[in-house]
Protein chains: 2
Amino acid sequence: MPHAPATMRADILESAGRLFAARGFRGTSLQDIASDAGCSKASLLYHFTSKDAILTELLAPAGRELAELEERLAALDGEEAARAAVAGLVDLSLRFRRQVKILIQDVDALINRPELPDVNAVTERLVDALTGRSPTPEARVWGWMAMVGIFLTSAGEHALPDQALRAELTRGALRTLGRRTD
Amino acid sequence: MPHAPATMRADILESAGRLFAARGFRGTSLQDIASDAGCSKASLLYHFTSKDAILTELLAPAGRELAELEERLAALDGEEAARAAVAGLVDLSLRFRRQVKILIQDVDALINRPELPDVNAVTERLVDALTGRSPTPEARVWGWMAMVGIFLTSAGEHALPDQALRAELTRGALRTLGRRTD
DNA sequence: ACCCTAGCTGACCGATCGGCCAGTTCTGAC
DNA sequence: GTCAGAACTGGCCGATCGGTCAGCTAGGGT
């Protein structure tokens, strides 16, 4: 039964998006997508020029909006710009959650290894330590932000000697948690 | 010239670590490592049981220390625990920078795509907006933390409705930047 | 009734990659 | 000098993956 109007294309995008978010781009084969969407691998490449093109179509809207946000910010200044940047990033990240997950999925696959402690368990206990006994759900979000912020910011290139970077990471994290930084 | 004592093994680890950090685990082949280390692919598998075993050996020390940190935190409580958790994570992340880069490298490879705006440029401009004109290097670190925190925390699972999560992400980010949260 | 075409497919291809093995070379111990 | 064994290698294998292609089929336009 070939002629299902244009639903196949949409089904493929939906399957690919879900699988990419769950197993990562490289961790998902064309066959995986085809099986999930209920068609043949060749059919994928009839509707899309390549595996990469599927990912492109999934990420393009987020990219467009990010560029728009950037433009909007260029017109603002000072406190106004800072608040707009935060609000814009929050909005974007939440509305394109699946896309964010696609981008960071490979990290999950890499981090869940026997020689590393279970990342979920560690996360839970670190957040516990950060937020104290019986934390509110809100406090747990801040705990997450502080941990992720420390972890990933450490890997970036910063114009700061190691000792100073160490101090600033600590200060930023404590502030995220709403604690005194002295 | 076979018998270089045990330097080959160390050379392989060094090469693998550098390449994994630069191109990611999956993006680095055994041949890449062999060429860089100046030996044959078969030699890698003489010194290590598998490609995965190389990564394991590179990550194991970080995993051990993370487990130790967790243990140490279990004995503490309240403000003391929070500060020890932050200090411990900062220390770990900075001392194992290369390992952190290995874990997140695949994200870099995935995020630098034509349909997405150039991530470095966007990062720069967002940090500009967050920190205002002529920011200090310290302020840029906080800007980084806030952005990364928003971005990655949004992808996690939180026991919070979307609207509340949105508010808390905003609040946390503004606090990281040392701004009023009202 | 006929045919054109969009939708779809099975079979196949070339490339790459992780891993294996038989065999060679060098070294240190005796 | 001899020899055991560690260090190392070229060549090969099976699996997987992205992608191609010739061809089948169902339906709508005429």
Side-chain angles (χ1 to χ4, degrees), chain A residues 1-60 102-103 105-106 109-110 112-115, chain B residues 1-60 102-103 105-106 109-110 112-115:
Chain A
M1 65 237 82
H3 240 201
T7 71
M8 190 76 265
R9 204 187 140 87
D11 287 352
I12 292 172
L13 272 179
E14 158 61 23
S15 288
R18 188 156 23 81
L19 291 177
F20 287 165
R23 315 182 195 168
F25 179 66
R26 298 197 230 200
T28 305
S29 72
L30 288 179
Q31 189 55 60
D32 292 336
I33 302 171
S35 299
D36 190 275
C39 66
S40 76
K41 197 177 57 162
S43 187
L44 303 185
L45 296 157
Y46 169 77
H47 289 287
F48 299 90
T49 61
S50 68
K51 183 190 181 187
D52 204 84
I54 301 179
L55 180 59
T56 294
E57 194 149 326
L58 283 169
L59 296 183
I102 290 176
L103 291 175
Q105 218 296 325
D106 289 312
L110 216 52
N112 279 108
R113 325 188 85 251
E115 75 270 20
Chain B
M1 66 234 81
H3 236 202
T7 70
M8 189 77 268
R9 205 187 140 86
D11 287 353
I12 292 173
L13 272 180
E14 159 60 23
S15 289
R18 188 156 24 82
L19 292 177
F20 287 165
R23 314 181 195 169
F25 178 66
R26 297 197 231 198
T28 306
S29 73
L30 288 179
Q31 189 54 62
D32 291 337
I33 303 171
S35 299
D36 191 274
C39 67
S40 75
K41 197 178 56 160
S43 186
L44 302 185
L45 296 157
Y46 169 77
H47 288 286
F48 299 90
T49 60
S50 68
K51 182 189 180 186
D52 204 85
I54 301 179
L55 180 59
T56 293
E57 193 148 327
L58 283 169
L59 296 182
I102 291 177
L103 292 175
Q105 218 296 324
D106 289 311
L110 216 53
N112 280 109
R113 325 189 86 251
E115 74 271 19

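What you see is a predicted model; the values in this text were computed from it and never measured. Throughout, protein chains are lettered first and strands after them, A, B, ... in sequence-line order, and every chain is numbered starting at 1.
We find that CD of A:Gln31 is positioned 16 Å from P of C:dC12, with the value rounded to whole Å. In this structure, A:Leu45 places its CG atom 14 Å from P of D:dC17, rounding to the nearest Å. Put simply, CD1 on A:Ile54 is 9 Å from P on D:dG19, counting in whole angstrom units. Distance B:Leu55 CG to C:dG18 C1': 15 Å, rounded to the nearest Å. Rounded to an integer number of Å, the gap from CZ of A:Phe48 to P of C:dG7 is 12 Å. B:Met8 has its CE atom 15 Å from the C1' atom of D:dA6, to the nearest Å. The nearest whole Å value for the distance from the CG atom in A:Leu30 to the P atom in D:dA15 is 20 Å. When the P atom of C:dC20 is taken as reference, atom NZ of B:Lys51 falls 15 Å away, rounded to whole Å.
Figure legend: cation-pi geometry between A:Arg9 and A:Tyr46 absent, as NZ or CZ is not positioned both under 6.0 Å from the six-membered ring centre and within 45° of its axis.
When heavy atoms are screened at a 4.0 angstrom cut-off, A:Ser29 is found touching the sugar-phosphate backbone but no base atom.
OP1 or OP2 of C:dC8 has at least one side-chain nitrogen or oxygen of A:His47 nearer than 4.0 Å. Considering only side-chain N and O atoms, B:Ser43 lies under 4.0 angstrom from the phosphate OP1 or OP2 of D:dT9. Residue A:Ser50 places no side-chain N or O under 4.0 Å from the OP1 or OP2 atom of D:dG18. Distances shown here put a side-chain N or O of A:Tyr46 below 4.0 Å from the OP1 or OP2 atom of C:dG7.
Closest to the A:Ala42 side chain, of the nucleotides C:dT9, C:dC21, C:dG19, is C:dT9.
Interatomic distance, CZ of A:Arg18 versus CG of A:Leu58, reported as 11.5 Å (0.5 Å rounding).
Contact annotation: side chain of B:Lys41 to base of C:dG19, donor-acceptor pair present below 3.5 Å.
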